[in-house]
Amino acid sequence: MVKKEFPYRLYLVISEEACVHHAYLKVVEQAVKGGVDLVQLREKNSCTEAFLQKAILIKNLLDQYHVPLIINDHLEVAQKVEAFGIHVGTSDIPPTQIRKNWKKVNCLGYSIEDLQQLNTQETHVADYLGISPIFNTPTKTDTIIEWGLIGIETIRATTDKPLVAIGQMNAGNAQEVIKAGANCIAVVSAICAAQNPAKAAEHLRNEIEKA
Ligand SMILES: Cc1ncc(COP(=O)(O)OP(=O)(O)O)c(N)n1
Ligand SMILES: Cc1ncsc1CCOP(=O)(O)O
Ligand SMILES: [Mg+2]
């Protein structure tokens, strides 16, 4: 695997239902203005067609800001909208299959839920690893581990892949998470549930840059 650049520091993982105060497209735009540099569309309850329509709208918006779009789980949607990449976990299409079926994928993210995964071909072909979750979160409850800061340090010591920390990430813990070895912080609630998504993103970004 040729090691690719991963310059992203603040990653918004968005669904329409997570957006509390504003329409999701507004949240995306405000978040980007505040410092988000990578966005994942994660719609767990939409049919493929509805997911596709949302993905097209988000892609058109993000293209104006030159911010890449990652699609959660759905290879077909990712290819149709010519997304930058896809994020999958252990219950999804395996990364090796994605590589076979989507030759032009730019960015393939894979969730790490146990240490054994680190020695597998699936992890080897991924462009970044989502450490999932750092802390338990009501946003995703079907998780099997809580990695904590020790987990980040342990994974950092065994791989030089870019590490994305996700799960209850916020401005209060962003610095320590980066210091533990994460390259990037991914958030749902800290931005989607904020009264002011631009300010929330800016605050997070500042904390990341200070670390
Ligand atoms: C950046 C990032 N990391 C981890 C996940 C979780 O993916 P997965 O384990 O496939 O779970 P679902 O998101 O599909 O519920 C993620 N989406 N993004
Ligand atoms: C998608 C996902 N994967 C692991 S935790 C999580 C949800 C993170 O949500 P929040 O930032 O609200 O804790
Ligand atoms: Mg998944």
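Atoms within a ligand are numbered from 1 in the order they appear, just like the ligands themselves. Hydrogens, waters and symmetry mates are skipped; everything else that's a heavy atom, side chains included, is used.
Checked by atom type, the side-chain pair Glu17/Asn45 shows a donor-acceptor distance below 3.5 Å. Using modelled atom types and a 3.5 Å distance limit, the side chains of Glu113 and Gln117 yield no donor-acceptor pair.
Below 4.0 Å from some heavy atom of Gly130 lie the following atoms of ligand 1, by number and element: 3 (N). Each of the following atoms of ligand 1 lies closer than 4.0 Å to a heavy atom of Lys44: 12 (P), 14 (O), 15 (O). Residue contact check: Thr139 has heavy atoms under 4.0 Å from atoms 7 (C), 9 (O), 10 (P), 12 (O), 13 (O) of ligand 2. Heavy-atom proximity to Gln40, at under 4.0 Å, picks out these atoms of ligand 1: 1 (C), 2 (C), 16 (C), 17 (N), 18 (N). Those atoms of ligand 1 with a heavy atom of Val88 less than 4.0 angstrom away are 10 (O). Using a 4.0 Å cut-off to heavy atoms of Val187, the atoms of ligand 2 that qualify are 11 (O). For ligand 1 and Arg42, the ligand atoms under 4.0 Å from any heavy atom of the residue are 12 (P), 13 (O), 15 (O). Near Ser189, meaning under 4.0 Å from any of its heavy atoms, are these atoms of ligand 2: 10 (P), 11 (O), 12 (O).
Of the protein's non-hydrogen atoms, Ser132 OG, 3.2 Å is the one closest to atom 4 (C) of ligand 2. Ser111 OG, 3.2 Å is the protein heavy atom nearest to atom 6 (C) of ligand 1. Of the protein's heavy atoms, Val188 N, 2.9 Å lies nearest to atom 11 (O) of ligand 2. Among protein heavy atoms, atom 2 (C) of ligand 1 sits closest to His87 CE1, 3.3 Å.
Under a hydrophobic clustering in which Ile, Leu, Val, Met, Phe, Trp and Tyr are joined whenever their side-chain heavy atoms come within less than 4.5 Å, directly or via other members, Val28 and Ile86 fall into the same cluster.
Residue-to-ligand polar distances place Thr137 within reach of ligand 2: an N/O pair is separated by less than 3.5 Å. When only interatomic distances are considered, the shortest N/O to N/O separation between Tyr11 and ligand 1 does not fall below 3.5 Å. Between Arg42 and ligand 2, no N or O atom pair is found at a separation short of 3.5 Å. For a threshold of 3.5 Å applied to N or O pairs, the pair formed by Gln168 and ligand 2 contains at least one separation below that value. The shortest N or O to N or O distance between Asp92 and ligand 1 is under 3.5 Å.
Taking 4.0 Å as the cut-off, Glu113 does not count as a neighbour of ligand 1 on heavy-atom distance.
With a 4.0 Å heavy-atom cut-off, ligand 1 is reached by the side chain of Asp73 but not by its N, CA, C or O. Contacts between Asp142 and ligand 1, counted as non-hydrogen atom pairs separated by less than 4.0 Å, are absent for every part of the residue.
When each of Ile56, Asn60, Leu62 is paired with Ile58, the side chain to side chain contact (heavy atoms under 4.5 Å, CB included) condition holds for Leu62 and for no other.
Classification of Glu207 and Lys210 as a salt-bridged pair holds, one side-chain N sitting under 4.0 Å from a carboxylate O. A salt bridge is defined here as a Lys NZ or Arg NE, NH1 or NH2 lying under 4.0 Å from an Asp or Glu carboxylate O, and Asp73 with Arg42 fails to meet this definition. Using a cut-off of 4.0 Å between Lys/Arg side-chain N and Asp/Glu carboxylate O, Arg99 and Asp127 are scored as salt-bridged.
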### Query
Does the side-chain contact (heavy atoms from CB on, under 4.5 Å) test come out yes or no for Leu38 and Leu10, once each step is laid out?
CA-CA 7 Å; Leu38 189 63; Leu10 181 56; over 6 Å; no

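Two rings, from Tyr110 and His87, have their centers 6.0 Å or more apart.
Smallest separation of non-hydrogen atoms from Ala78 and Gly85: CB-O, 4.3 Å.
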